[in-house]
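Quick notes on the structure that follows.
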Amino acid sequence: MTEIDRVLITGVDTRLGAAVRDHFAGRGALTVGTVTARRDDGPAGELVVADPADRPEVGDAVAKAAAHMGGIDVLVVAHALPVVAPFAEQSMAEFWRHVDATLTGSFLYAQVAAEHMRHNGTGGRIVLTTSRWHVGGDNLAAVATAAGGIVALTKSLTRDFGGFGIGVNAVALGALDSEWSVCDASAGEPPGGRVGSVEQAAAVIGLLGRRQLGAAVGQIVNVDGGLSRNRV
């Protein structure tokens with residue numbers, strides 16, 4: 001990897017995505033963020049627009065980011081808002097909108113960014129984000145389906161990309177003060193007695209983005225205040 005990391009962060013129009021961008025920028029990295037709707041609050045080239053479920057738009061966004069930074073060393077995938085609805089009342093359109101925005105988006109961004117990392121000849125790191133509710137929860141059929149898929153995708157991409165020096169991990173988020181906290185309504189208070197912040201989650205994501213971690217790949221790291229007791 002280059003001395004200065006070149007980091008593409010999706011979903012910087014969310015609190016988590018914005019915190020991740022600030023974290024990497026704070027340690028001197030070059031960053032480009034993606035959003036789903038056009039806005040004008042960043043320097044030219046540092047913000048690109050793409051629908052995460054649209055392959056040509058994702059390809060164009062990644063290409064623009066790589067051109068602006070001279071390559072991509074780290075990809076972080078953050079997501080738009082979750083869909084929380086009673087199963088019997090949820091439409092297929094709502095269901096697939098969430099699954100496409102999160103699971104399909106994770107697949108497409110990883111696929112395209114990995115090509116750029118391979119061409120660098122030095123590999124890189126990919127950090128996907130998912131929900132602790134990959135284990136399932138009330139009114140969270142879409143969230144659980146997409147999150148479970150991202151867990152499986154992380155395990156698979158580790159094998160697909162490992163030979164190219166690309167390490168893949170994921171962070172499973174819960175009990176976090178963010179747009180996703182609506183998913184935790186029935187979870188109760190975390191063991192530590194307080195919810196986490198997006199800045200704390202960004203610090204964990206930043207750590208997983210470091211090449212020095214070496215063989216620490218294919219892991220799902222829970223950032224949920226100790227709520228999870230699973231072993232994925």
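Along the sequence shown, the residues carry numbers beginning at 1. Since the model is a prediction, treat every value here as computed from it, not as a measurement.
Checked by atom type and distance alone, the side chain of T104 never pairs as donor or acceptor with a backbone atom of A53 at under 3.5 Å. A donor-acceptor pair is defined here as one N or O able to donate and one able to accept, closer than 3.5 Å; such a pair exists between the side chain of R27 and the backbone of G206. With hydrogens and angles ignored, the 3.5 Å screen pairs no side-chain donor or acceptor of D73 with any backbone N or O of R125. Formation of a donor-acceptor pair under 3.5 Å by the E46 side chain with backbone atoms of V32 is not found in this model. Between the side chain of H23 and the backbone N or O of A19 there is no donor-acceptor pair closer than 3.5 Å.
Heavy-atom minimum distance, A141 versus F95: O-CE1, 4.0 Å. Residue T31 comes nearest to A25 through the heavy atom pair CG2-N, 4.1 Å, listed as atom of the first residue, atom of the second, then distance. Taking every heavy atom of both residues into account, P52 and L108 meet most closely at O-CD1, 3.5 Å. Between A142 and V99, the shortest heavy-atom contact is O-CG2, 4.1 Å. Nearest heavy atom pair, residue T14 against residue A78, reads OG1-CB, 4.3 Å. Nearest heavy-atom pair across I72 and A65 is CD1-CB, 4.5 Å.
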I'd like to know whether I126 forms a side chain to side chain contact (heavy atoms under 4.5 Å, CB included) with Y109, so could you lay out the CA-CA distance, the side-chain angles of the two residues, the decisive distance to 0.1 Å, and finally the verdict. CA-CA 10 Å; I126 295 174; Y109 271 108; over 6 Å; no
Quick one, L153 with L128, criterion side chain to side chain contact (heavy atoms under 4.5 Å, CB included). Give me CA distance, side-chain angles, the key distance, then yes/no. CA-CA 9 Å; L153 182 64; L128 306 179; 4.2 Å; yes
Could you please spell out the steps behind the side chain to side chain contact (heavy atoms under 4.5 Å, CB included) verdict for H68 and L30? CA-CA 9 Å; H68 180 73; L30 297 176; over 6 Å; no
Between V35 and L47, does the side chain to side chain contact (heavy atoms under 4.5 Å, CB included) criterion hold? Intermediate values first, please. CA-CA 7 Å; V35 294; L47 203 65; 3.9 Å; yes
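Using a 4.5 Å heavy-atom threshold, the side chains of R21 and V76 count as separate. Counting heavy atoms from C-beta outward, V217 and V168 have side chains that stay 4.5 Å or more apart. For the pair T130/V171, no side-chain contact is recorded, criterion being any heavy-atom separation below 4.5 Å from C-beta on. Considering only heavy atoms from C-beta on, D51 stays 4.5 Å or farther from T36 through its side chain. You'll find the side chain of D54 reaches within 4.5 Å of the side chain of P56, heavy atoms only. Side-chain atoms of R6 and V74, non-hydrogen and from C-beta on, never get closer than 4.5 Å to each other.
Surrounding CZ of F107 are at most 12 heavy atoms belonging to other residues, nucleotides or ligands under 6.0 Å away. Shown here is R159, whose CZ atom has no more than 12 heavy atoms of other residues, nucleotides or ligands within 6.0 Å.
None of E199, Q200, R15 except one satisfies the side chain to side chain contact (heavy atoms under 4.5 Å, CB included) rule with D177; the exception is R15.
The side-chain hydrogen bond (donor to acceptor under 3.5 Å, both in side chains) pairs that include a residue from residues 80-98 number zero, where partners must be two or more places apart or lie in different chains.
The CG atom of N169 lies 7.5 Å from the CG atom of L213; values are rounded to the nearest 0.5 Å. Going from atom CE of M69 over to atom CD1 of I4 covers 12.0 Å, rounded to the nearest 0.5 Å. One distance of note links CG of L75 with OG of S106; it measures 8.5 Å at 0.5 Å rounding. For the atom pair CD1 of I205 and CG of L16, the computed distance is 4.5 Å after rounding to the nearest 0.5 Å. A distance of 10.0 Å separates OG1 of T154 from CD of Q219, quoted to the nearest 0.5 Å. One distance of note links NE2 of H79 with OG1 of T102; it measures 5.5 Å at 0.5 Å rounding.
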